[in-house]
Structure formats: C-alpha cells, structure tokens
Amino acid sequence: MTEPVPASTSDSPAESTAADVEQADVEQAGSGLVAEKAKRLAKLDEMRRAGTDPYPYRFDRSHTLDEVREAHGALEPGTETEHRVSLAGRVMLIRDSGKLVFATMRDRAGEIQLFVSRAVVGDVAFVTFTELDLGDWVGVHGTVMTTRKGELSVKVDGFELLSKAVRPLPDKWHGLTDIDTRFRQRYADLIVNDEARRAFQVRHAVISSFRNTLDGRGFIEVETPVLHVEAGGAHARPFITHHNALDMQLYLRIALELHLKRLIVGGMERVFEIGRIFRNEGISTRHNPEFTMMELYQAFGDYTEMIEITEALITTADATGTSMVTIHGGTAANPVSATVDLAQPWRRARMIDLVHEAIGVEVHPSQPVDQLRELAAAHGVSCAPRWGQGKIIEELFEATAEHALVRPTFVTGHPVEISPLARADRHDPFLTERFELFIGSREIANGYSELNDPVEQRVRFEAEQIAKELGDDEAATAIDHDYLRALEYSIKEVILFPTLRPEVLG
RNA sequence: GCCCCUUUAGCUCAAUGGUAGAGCAGCGGACUUUUAAUCCGUUGGUUCAGGGUUCGAGCCCCUGAGGGGGCACCA
C-alpha cells in the first residue's frame, strides 16, 4: 500500500520518492519480492515525473466485461465491429508477440481480451502498455472484435493506468493454494481464485433469496442486541466484554433466540434475524468464533409448517440456476457423494426409525436403559453413566445413521431427553415434535414445535439442570407460540475474514 | 486439549548427511492473431525460529512457533 503524501508536508516528491524508501528495504532484505516492488515503485516515480497520476480519481466505463460478452459473445471469428466501449479491469495475463500484445483483463463479473497493436496505438503508447505489470488496473477504450481463433476482444486505441499494483500477483496458473495464506491475504485469494469469488457471490444470492422468501410469507426482519446481560439461547461459552459507563459485564450473544422470542411475545407473529453470533470455543476449518446464523419464529404453526418453510427456503435459493446438485457427505474415511434433484420432496424420517434401518433393531426411549446400553456397546458407542435412553439413542443415531444422510433429510421425533425446548409429540410422549435437517451428512437446520406450557417447561429445565436456560422462562411462559431455528452458515469458505492467530509481519 | 503430517525463491513445487534446483512471475532478446503463448538467455535463497549431533545439516535429534488433517467438542 502506498501512503499519499500529506498536503501539509514540506517534503517534495522529488526529495523523498517511493523508490528511495524501498531502497532501504532492498538493502535490508534483498529478496526477489523487495526488488520487484522497488521496480514497480520506480515506475510510479517515473510516471509522476512525467506528469501522469498513477492513481487517477475516476474512470467512466461504458460496460462491465460480462455485458460486453453478453452483447457480442456470438460474433464469428475474425469479426471487427464499430461498437465502441470503455472498460475497466485488472490485467491478469499478458502475451507479448512483438508488435502485438494480448492481455487478459478482468473485472468482478468477467474477463475479456485486449488486442493492442503497435500500428493502432502508436509507438509511444505501445511501449507504455508493455510496461504494465500483472495486477495493474487499467481503463481502456476501443472497439469490440474477435480474433481469428474467435476470442472476444477489444481492439484498444487508448488506455490509462487506473491503479498501479506494487506487489506481484501469485502464480498465474496455480494461484494461491496455501490455506493460511489464502485466509490471511484474502484479497490475493479473491484476485486469483475463481472459486473464492464465486463462493461469496453464491452466499449473497442465497441470503438475498432467504430474505425474499420470508418477506413473501409475511416475516419481518429485525435486529436484536448483540450485547447481552446473560448469554442464553444455546449451550456455548461466550465472549465477555465490559461497558464502561454502566460498569457492567456483558456477553456477546451466542444465539439470536431470546430476543426473537420476546418479539413473538410482543405480537409480531412472524420475525427473523440474520445475524452474527459469537462463541468462545475452538477454531477449525469449520468453526469460527463469529459466524452468521438465521433464526425465524412463527406463531400459530407447528413443526410441520417449519419443515415446509425450511425446504422452500433452500429450494427457492437456486443460486446455481439448477435444482440438480451434487452433495458431498459421508465421513473423511468414507466419503459419499450423491447427485440430487432438490425439487423432489425431501425425505422425512424419525430418528428411531433411522437407527432401526441402520442396525436392524428397533429402539425407543421407553425401552429399559440397560437394553439400549448393550445395543450401544455392540456398535462401539460408549455411554456415560448418567445418560438416559434418549441420549443413548441420539448417540446411536450419530454413530450408525448420520453419515448416510447425504441427500436432504428431515430427521424428526428426537427423544424428549435431548430436546428440552421442544414440545412432546402429540402421539408419543417419549418423543418430541422436532426436526433437524441433514444435508451432506451435516446438520444445517434445527426446529420444533416449541414447548409452551410453563410448568412443563420448568420441570424439563430442572430435569436437565440447564441453569442458563432458566432466564428464558419469562418469554417462554408468557404466550403460546411455535418457533423454528433454521439455517446456519458455518464454514470458513463463506467467511471473508476468518479469525486467525495474529500474524507476525517481518 | 491429544495424535499424525507439514513449513525451501513473490507463487507452485523438487533436492541419499556432501556446491540449494525447476516451472511460473521478474529482467534482457526474437516474434502482428496469442490465450497457462512460444523460443533463447538471465537475476533472485537467514531452507519457519533457536539449540544439538557431525569433518559437514534443507535433510538426523531436542525445544518452540505457524499451518493442515484426525480425535474430542460443537455450528
């Protein structure tokens, strides 16, 4: 990054040039990178001496690169048009063949080839163009054409540097592969890795679709506090912070739930929030201390309606333009892939039935606990002494059935023991009206008919000894409502700047 | 937190304990339809850090740091 010279400084650019500053670094480190930067900084000084601003204030483009491709993508090879365009983009590749230079330019939406002929732009401008570096941003003027091979190009007749890149790009073919470097220098990752850019476009499309879908169903988007007096709504260790004026300890929220429920109490009937939450736990490729979660709550419905909404949210968010997707799941040792048409109805199955399918033996929370313990042991699941039937069934499910849930599957009927907030199944008092959506062997959504009997809720909480959840009683006991906690985004590939250990800059 | 793997040029990667290399990028040269352009030449290194063994360490040993994977926990 080049710092602009402050207007008040008495140093003139000629007395203290960027190249001079860099020269000290050359002597210090002497690496190829420093030498390369020094060359590019010297070019900047040269341009300024010649009266050209290497970082001009503005460039008015006529089209984005995908617009040009859309309008002229069908041109026959060897076509010249009169269509004039002004385009802006970053120089990604240069192919110099003497008196003719080809360059690949890219903006956020596409790429196009620049056709720069010495005979067209003139000797001086041609040399200037060949002095561009990979990574520079340029604005070009010219006409749309195709080469003999049919490559859509712009025959450049004028151009200007829009922003000089002082640091070289990563390998033009391999890009950046080191995951650590990709996250630390996300800007470089976004420049060279198509998949990195695409992930965030898809993420935006999905969230935008969620908003549209919920808006169409009468949901209101809200923002609730991030700073909580009590960190509730989930089981997780919170971040602790402090408010000076109140001299009070506060927690960063670990869930959206508590305030959204209060809004249901207040009669808003249908609300949702897409918000950042914070959990002070381990960091891994799939766990970031801060991540985005969506929760939505609807009064008067039950969990079957929430299942329907969940399926609609995802099938409507066709960010890829097709309902056919390939899903990767299974385990690391035994990966499984499935190509699925999301438009087909998704399977719904009770947890106990999935366990039955997997091990060939029927299970139910009403069974004697010793019987389930033996079954668990037979499948390599070691049980803690305090575990009841419900917990053992869940562990059996995770050990024997979960990995096979590659296609979207709603797992329902979780045992009461492991679902302290869910209402009992109206047909089976040992189970709850709850679901978890599994896609690719991973849980991505969770919801239920909420327990709304205050006495029963208190009994459950006390039985579970979940002290932190007790703060939720006020909201839970005041009204009759159902809720869904739905979709969560959890992988770092959709987080632009994941939390990393501080980098030591040499 | 535990186990395994890993860290070499700007990037992607090599290198039996015996002079640290290649491709790309960069630099110089040739080329007016290339497209990872091609061809010829060429610069560039605190081999993550600190100790140790050895005549000699990128390589072996110890300690530490960063990263990746797995387990545990979760989302």
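Proteins come first, then strands; the chains are lettered A, B, ... in the order of their sequence lines, and each starts at number 1. Basis for what follows: all heavy atoms, side chains included, without hydrogens, waters or symmetry-related copies.
- At whole-Å resolution of the value, CG in A:Leu152 and P in B:rU34 are 16 Å apart.
- Rounded to the nearest Å, the gap between the C1' atom of B:rU46 and that of B:rU32 is 47 Å.
- Remark: of the listed residues A:Arg48, A:Arg49, A:Lys43, A:Arg49 is the sole one forming a salt bridge (Lys or Arg N to Asp or Glu O under 4.0 Å) with A:Glu46.
- Counting only N and O atoms by type, the side chains of A:Glu394 and A:His414 include no donor and acceptor under 3.5 Å apart.
- Taking only side-chain nitrogens and oxygens, A:Lys172 comes nearer than 4.0 Å to OP1 or OP2 of B:rA37.
- At whole-Å resolution of the value, CG in A:Asp194 and P in B:rA36 are 14 Å apart.
- When distances run from any side-chain atom of A:Arg442 to the nucleotides B:rU32, B:rA75, B:rU12, the shortest one goes to B:rA75.
- Residue A:Asp133 places its side chain closer to B:rC27 than to any other of B:rU33, B:rC27, B:rC11.
- A:Arg95 and A:Thr104 are linked by a side-chain donor-acceptor pair at a separation below 3.5 angstrom, with hydrogens and angles left out of the test.
- With a 6.0 Å radius and a threshold of 12 heavy atoms from other residues, nucleotides or ligands, A:Glu70 has its CD atom at or below the threshold.
- In this structure, a donor-acceptor pair under 3.5 Å is absent between the side chains of A:Ser86 and A:Arg61.
- Rounded to whole Å, the separation between the C1' atoms of B:rG66 and B:rG26 comes to 28 Å.
- Stacking between A:Phe291 and B:rA75 is shown: the ring centroid lies under 5.5 Å from the centre of the six-membered base ring, and the planes differ by under 30°.
- Atom-to-atom, CG of A:Asp96 to P of B:rC39 comes out at 15 Å; the value is rounded to the nearest Å.
- Rounding to whole angstrom units, CG of residue A:Leu176 and C1' of B:rC11 are separated by 7 Å.
- Across all their heavy atoms, A:Gly135 and A:Arg90 have their closest contact at O-NH1, 2.7 Å.
- The side-chain contact (heavy atoms from CB on, under 4.5 Å) test with A:Thr79 is passed by exactly one of A:Leu152, A:Val144, A:Thr147, A:Thr146: A:Thr146.
- Distance check on atom C1': B:rG28 versus B:rU33 gives 25 Å, rounded to whole Å.
- One C1' atom belongs to B:rC13, the other to B:rU53, and the distance between them is 30 Å to the nearest Å.
- Of all nucleotides listed (B:rU32, B:rG10, B:rA75), B:rU32 comes nearest to the side chain of A:Lys99.
- Side-chain proximity of A:Glu151 to the nucleotides B:rU34, B:rG66, B:rA25 is greatest for B:rU34.
- Nearer to the 5' terminus of RNA chain B, by closest-nucleotide assignment, is the contact made by A:Lys43 (compared with the other of A:Lys43 and A:Thr104).
- Rounding to whole angstrom units, CZ of residue A:Arg184 and C1' of B:rG67 are separated by 8 Å.
- Separation of the P atoms belonging to B:rG58 and B:rA9 is 14 Å when rounded to the nearest angstrom.
- Distance, A:Leu134 CG to B:rA37 P: 9 Å, rounded to whole Å.
- For A:Glu36 and B:rG45, the CD to P distance is 14 Å, given to the nearest whole Å.
- B:rC3 and B:rC62: their P atoms are spaced 13 Å apart (whole Å).
- The P atoms of B:rG56 and B:rU43 are separated by 31 Å, rounded to the nearest whole Å.
- At the heavy-atom level, A:Gly175 lies under 4.0 Å from the strands shown only through sugar-phosphate atoms.
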Q: Show your working on salt bridge (Lys or Arg N to Asp or Glu O under 4.0 Å) between A:Arg197 and A:Glu195 and close with a plain yes or no.
A: CA-CA 5 Å; A:Arg197 288 193 302 281; A:Glu195 276 305 305; over 6 Å; no
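- OP1 or OP2 of B:rA37 lies within a sub-4.0 Å distance of a side-chain N or O belonging to A:Arg95.
- Remark: side-chain polar atoms of A:Ser208 are not paired, donor with acceptor, to backbone N or O of A:His204 under 3.5 angstrom.
- Distance check on atom P: B:rU47 versus B:rC11 gives 16 Å, rounded to whole Å.
- In this structure, A:Arg167 does not reach the B:rA25 phosphate: none of its side-chain N or O atoms is under 4.0 Å from OP1 or OP2.
- Atom CD of A:Glu395 and atom P of B:rA72 are 10 Å apart (whole Å).
- Listed nucleotides B:rU34, B:rG26, B:rC31 differ in distance to A:Lys39; the shortest reach to its side chain belongs to B:rG26.
- For the pair A:Asp178 and A:Ala119, both in contact range of RNA chain B, the more 5′-proximal nearest nucleotide belongs to A:Asp178.
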Q: Dot-bracket for RNA chain B, please, read 5' to 3', with Watson-Crick or G-U wobble pairs under 3.5 Å on both distances, ( ) within the strand, [ ] crossing, | other strand, . unpaired.
A: (((((((..((((....[..)))).(((((.......))))).....(((((..]....))))))))))))....
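- Picking from B:rG26, B:rG10, B:rA36 the nucleotide with the shortest atom distance to the side chain of A:Leu93 gives B:rA36.
- Taking side-chain N and O atoms only, A:Thr177 has a distance below 4.0 Å to OP1 or OP2 of B:rU12.
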